[in-house]
Amino acid sequence: DNEGSMPHRRNDEATFNGASALLARLPETLRAVSEEPMLKRVARLAMAHIGDATRAEDLAFRMVDWHGYGELSVSVLERDLKGRGAEVPE
């Protein structure tokens, strides 16, 4: 019965599309955050660690975390951005 699996499949597609959109905006987001005052960046960091991630955010992280270590380095981010054809911020 395919009807039971359809909402799950649509949700997976929506999650993937959301994750892809997040990654496409990543260079712009990194630039914007780098220009924010230090206190605001610290607050963002705290919120990122105590808040719940959406399914799309979780998938975007896992798409970049190729080795599955649960952390991202600058070199991993650079490799991912270059692989997506994005400009790597200085």
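Starting from 1, each residue takes its place in the sequence as its number. Computed from a predicted structure; not experimentally measured.
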Testing the basics here: between Gly18 and Ala56, what is the closest heavy-atom pair and its distance to 0.1 Å?
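Gly18 and Ala56 have their closest heavy atoms at C-CB, 3.8 Å.
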At their closest point, which heavy atom of Asp65 faces which heavy atom of Gly70, and how far apart are they?
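Heavy atoms only, the tightest pair is OD2-N, 2.8 Å.
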From [X] atom [atom1] to [Y] atom [atom2], the distance as rounded to the nearest 0.5 Å:
{"X": "Leu59", "Y": "Thr54", "atom1": "CG", "atom2": "OG1", "value": "9.5 Å"}
{"X": "Met63", "Y": "Leu22", "atom1": "CE", "atom2": "CG", "value": "9.5 Å"}
{"X": "Arg79", "Y": "Ser73", "atom1": "CZ", "atom2": "OG", "value": "7.5 Å"}
{"X": "Glu57", "Y": "Leu23", "atom1": "CD", "atom2": "CG", "value": "11.0 Å"}

Only counting residues at least two apart or in another chain, list the ones meeting salt bridge (charged side-chain N to carboxylate O under 4.0 Å, His left out) with Arg84.
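Salt bridge (charged side-chain N to carboxylate O under 4.0 Å, His left out) list for Arg84, sorted by chain: Asp80.
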With sequence neighbours left out, write down each residue that passes salt bridge (charged side-chain N to carboxylate O under 4.0 Å, His left out) with Asp58, or none if nothing qualifies.
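With sequence neighbours excluded, Asp58 shows a salt bridge (charged side-chain N to carboxylate O under 4.0 Å, His left out) to Arg62, given in chain and number order.
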Hydrophobic clusters here meaning ILVMFWY residues chained together by side-chain heavy-atom distances under 4.5 Å, can you tell me if Val88 and Leu30 are in one?
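In one cluster: yes.
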Hydrophobic side-chain clustering at under 4.5 Å (ILVMFWY, transitive links): who's grouped with Met38? Put none if nobody.
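Reading the cluster by chain and number, Met38 sits alongside Val42.
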Not counting sequence neighbours, list each pair that qualifies as a side-chain hydrogen bond (donor to acceptor under 3.5 Å, both in side chains) and has a residue in residues 36-48.
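Qualifying pairs: Glu36-Arg44.
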Mind checking what makes side-chain contact (heavy atoms from CB on, under 4.5 Å) contact with Ala43, not counting sequence neighbours?
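Once residues adjacent in sequence are excluded, Ala43 has no partner under the side-chain contact (heavy atoms from CB on, under 4.5 Å) criterion.
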Output every pair passing ring-ring contact (aromatic ring centres under 6.0 Å, His included) with a member in residues 44-72, not counting sequence neighbours, ordered by first then second residue.
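For residues 44-72, and leaving out neighbouring residues, the ring-ring contact (aromatic ring centres under 6.0 Å, His included) pairs sorted by first residue read His67-Tyr69.
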